[in-house]
Amino acid sequence: MKFFVDTADTAEIQELEATGLLDGVTTNPSLIAKSGKDFKDVIAEICKITNGDVSAEVAATDFDTMIKEAQVLRAIANNVVIKLPLTFDGLKACKQLTSEGTKTNVTLCFSANQALLAAKAGATYISPFIGRLDDINLDGMELIREIRVIYDNYGFDTEILAASIRTANHVKDAAIIGADVVTVPPATLKSLVKHPLTDKGLDAFLSDWAKTGQSIL
Ligand code: E4P
């Protein structure tokens, strides 16, 4: 399973990249606004930190302007992935960009039929939003399960990128179902390593080791 971080905060990306566990980055217009930085500058900065795929979202809603924006964004770096909304114009743009060899991430997916359309349009990634479905008392993880079955039924290459991840359990459940990628906010990603018994066990080992008076080096 690939791990992407869902942020435009370059300090956080740098810290996670240093672990060697990061496979890419996703951004969206809200995360760009939160960064307070120029969109193209921050995408360029992120692409220098990581060689993994970096999703940059178009702001237009019509096909022609989406394509023009995609041309500008993909010129920033080779690892830019064009993020497109799940609309007919977005799917049309996805089909065209895919045929030109540009990687795409179709975002704001809330149903299995939408995911089916994105796969037919040749999307590199489909982004089903788990947390936002849970927020309205629907089952976000059930959507991941349905898409996995449909994509496997037909051998679609589109990778399931589980998005809108809010908890460590979301990551675990998406992994059990077989999502190809999770995109996770930095704090949630860092929380995956934590377990109270790990901390307790390490404290005990360190204290017993100190009693031996030995040193490995
Ligand atoms: C995905 O690409 C989106 O950027 C993101 O996961 C949305 O998450 P949210 O619903 O927590 O805003």
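Quick caveat, the model's predicted, so the values are computed rather than measured. The figures here come from the full heavy-atom set of this structure, side chains too, leaving out hydrogens, waters and symmetry mates.
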**Message:** Minimum heavy-atom separation for Gly122 and Thr98, please, with both atom names.
**Reply:** O-OG1, 3.1 Å

**Message:** Looking at Glu69 and Ala60, would you say the former's side chain and the latter's main chain have a donor-acceptor pair under 3.5 Å?
**Reply:** yes

**Asked** For residues Thr107 and Ser127, is any side-chain donor paired with an opposing acceptor at under 3.5 Å?
**Response** no

**Message:** Any heavy-atom pair between the side chains of Thr10 and Val42 that's under 4.5 Å?
**Reply:** yes

**Request:** Return the minimal non-hydrogen interatomic distance between Ala162 and Ile130, and the atom names on each side.
**Result:** CB-CD1, 3.8 Å

**Asked** Linking I/L/V/M/F/W/Y whenever their side-chain heavy atoms sit closer than 4.5 Å, directly or via other members, would Met66 and Phe88 fall into one cluster?
**Response** yes

**Item:** Student check: side-chain heavy atoms of Leu189 and Leu22 closer than 4.5 Å
**Value:** yes

**Request:** Answer yes or no: does atom CG of Asn78 have more than 12 heavy-atom neighbours from other residues, nucleotides or ligands under 6.0 Å?
**Result:** no

**Message:** Test salt bridge (Lys or Arg N to Asp or Glu O under 4.0 Å) on Asp208 and Lys211; report intermediate values, then the result.
**Reply:** CA-CA 5 Å; Asp208 289 341; Lys211 286 180 207 153; 3.0 Å; yes

**Complete:** Tracing side-chain contacts under 4.5 Å among Ile, Leu, Val, Met, Phe, Trp and Tyr outward from Phe4 reaches Val81, Tyr125, Leu161, Val181

**Item:** Cys47 versus Val80, closest heavy-atom pair with distance
**Value:** SG-CG2, 3.8 Å

**Message:** Could you check whether any side-chain heavy atom of Asn105 comes within less than 4.5 Å of a side-chain heavy atom of Thr26, counting everything from C-beta outward?
**Reply:** yes

**Message:** Any non-hydrogen side-chain atom of Asp41 less than 4.5 Å from a side-chain atom of Ile43?
**Reply:** no

**Prompt:** Is any side-chain heavy atom of Ile126 closer than 4.5 Å to a side-chain heavy atom of Tyr151?
**Reply:** yes

**Request:** Give the intermediate values and the outcome of side chain to side chain contact (heavy atoms under 4.5 Å, CB included) for residues Phe3 and Val171.
**Result:** CA-CA 10 Å; Phe3 274 34; Val171 176; 4.2 Å; yes

**Message:** Contact between Asp180 and Arg148 at the side-chain level, heavy atoms closer than 4.5 Å - yes or no?
**Reply:** yes

**Message:** Quick check: do Pro186 and Leu16 have side-chain heavy atoms less than 4.5 Å from each other?
**Reply:** yes

**Message:** Under the rule for side-chain hydrogen bond (donor to acceptor under 3.5 Å, both in side chains), what residues qualify as partners of Thr102, not counting sequence neighbours?
**Reply:** Arg74

**Flag side-chain contact, heavy atom, 4.5 Å: Thr87 against Leu91** = no

**Prompt:** Are Leu117 and Val149 connected, step by step, through hydrophobic side chains (Ile, Leu, Val, Met, Phe, Trp, Tyr) whose heavy atoms are closer than 4.5 Å?
**Reply:** no

**Fill in**
Rounding to 0.5 Å, atoms CD1 (Ile82) and CD (Glu100) come to a distance of 10.5 Å

**Item:** Interatomic distance, Ile46 atom CD1 to Ser35 atom OG [nearest 0.5 angstrom]
**Value:** 7.5 Å

**Request:** Calculate, to the nearest 0.5 Å, the distance between atoms OG and NE2 belonging to Ser164 and His170 respectively.
**Result:** 7.5 Å

**Request:** Using the rule that two of Ile, Leu, Val, Met, Phe, Trp, Tyr join whenever any of their side-chain heavy atoms come within less than 4.5 Å, decide whether Met1 and Phe156 are in one cluster.
**Result:** yes

**Message:** Assess the residue pair Leu31 and Asp6 against the criterion (side chain to side chain contact (heavy atoms under 4.5 Å, CB included)); give the C-alpha distance rounded to whole Å, side-chain angles, the decisive distance to 0.1 Å, and a yes or no.
**Reply:** CA-CA 8 Å; Leu31 293 170; Asp6 197 28; 3.6 Å; yes

**Prompt:** Distance from Arg145 atom CZ to Ile150 atom CD1, nearest 0.5 Å?
**Reply:** 13.0 Å

**Message:** Run Leu143 and Leu133 through side chain to side chain contact (heavy atoms under 4.5 Å, CB included) and show every step you take.
**Reply:** CA-CA 9 Å; Leu143 176 59; Leu133 283 168; 3.5 Å; yes

**Asked** Taking atom CG of Asn28 and atom OG of Ser55, what is their separation to the nearest 0.5 Å?
**Response** 10.0 Å

**Request:** Could you tell me which non-hydrogen atom of Cys94 sits nearest to which non-hydrogen atom of Thr104, and how far apart they are?
**Result:** SG-OG1, 3.6 Å

**Request:** Sort and list the pairs that fulfil salt bridge (charged side-chain N to carboxylate O under 4.0 Å, His left out) and have at least one residue in residues 14-23, not counting sequence neighbours.
**Result:** Glu15-Lys190

**Asked** For Asp199 and Lys194, what are the C-alpha separation, side-chain angles and deciding distance, and is it a salt bridge (Lys or Arg N to Asp or Glu O under 4.0 Å)?
**Response** CA-CA 8 Å; Asp199 296 340; Lys194 298 303 285 178; 3.5 Å; yes

**Message:** Test: salt bridge (charged side-chain N to carboxylate O under 4.0 Å, His left out). Region: residues 163-175. Which pairs qualify, not counting sequence neighbours?
**Reply:** Asp135-Arg166

**Request:** Might you point out which heavy atoms bring Leu84 and Ala93 nearest each other, and give the distance in Å?
**Result:** CD2-CB, 4.0 Å

**Message:** Under 4.5 Å between side-chain heavy atoms, counting indirect links through other Ile/Leu/Val/Met/Phe/Trp/Tyr residues: same cluster for Tyr154 and Ile147 or not?
**Reply:** yes

**Request:** To the nearest 0.5 angstrom, please state how far the CG atom of Leu86 sits from the CD atom of Gln114.
**Result:** 4.5 Å

**Request:** Under the salt bridge (Lys or Arg N to Asp or Glu O under 4.0 Å) rule, what do Lys68 and Asp64 come out as? Steps first, then yes or no, please.
**Result:** CA-CA 6 Å; Lys68 282 183 196 143; Asp64 289 329; over 6 Å; no

**Prompt:** Applying the 4.5 Å side-chain criterion to the ILVMFWY set and letting contacts propagate, would Val5 and Leu192 be lumped into a single cluster?
**Reply:** yes

**Request:** Decide side chain to side chain contact (heavy atoms under 4.5 Å, CB included) for Ile32 and Phe39; before the verdict, give the C-alpha distance in whole Å, the side-chain angles of both, and the deciding distance to 0.1 Å.
**Result:** CA-CA 6 Å; Ile32 297 295; Phe39 180 30; 3.6 Å; yes

**Request:** Sequence neighbours left out, what passes ring pair (Phe, Tyr, Trp, His ring centres under 6.0 Å) with Phe129? Give chain and number order.
**Result:** Phe110

**Request:** Considering non-hydrogen atoms only, spot the tightest contact between Ala174 and Met141 and give its length.
**Result:** N-SD, 3.8 Å

**Item:** Pairs where residues 43-60 contributes a residue and the test salt bridge (charged side-chain N to carboxylate O under 4.0 Å, His left out) is met, not counting sequence neighbours
**Value:** Lys37-Glu45, Asp53-Lys103, Glu57-Lys83

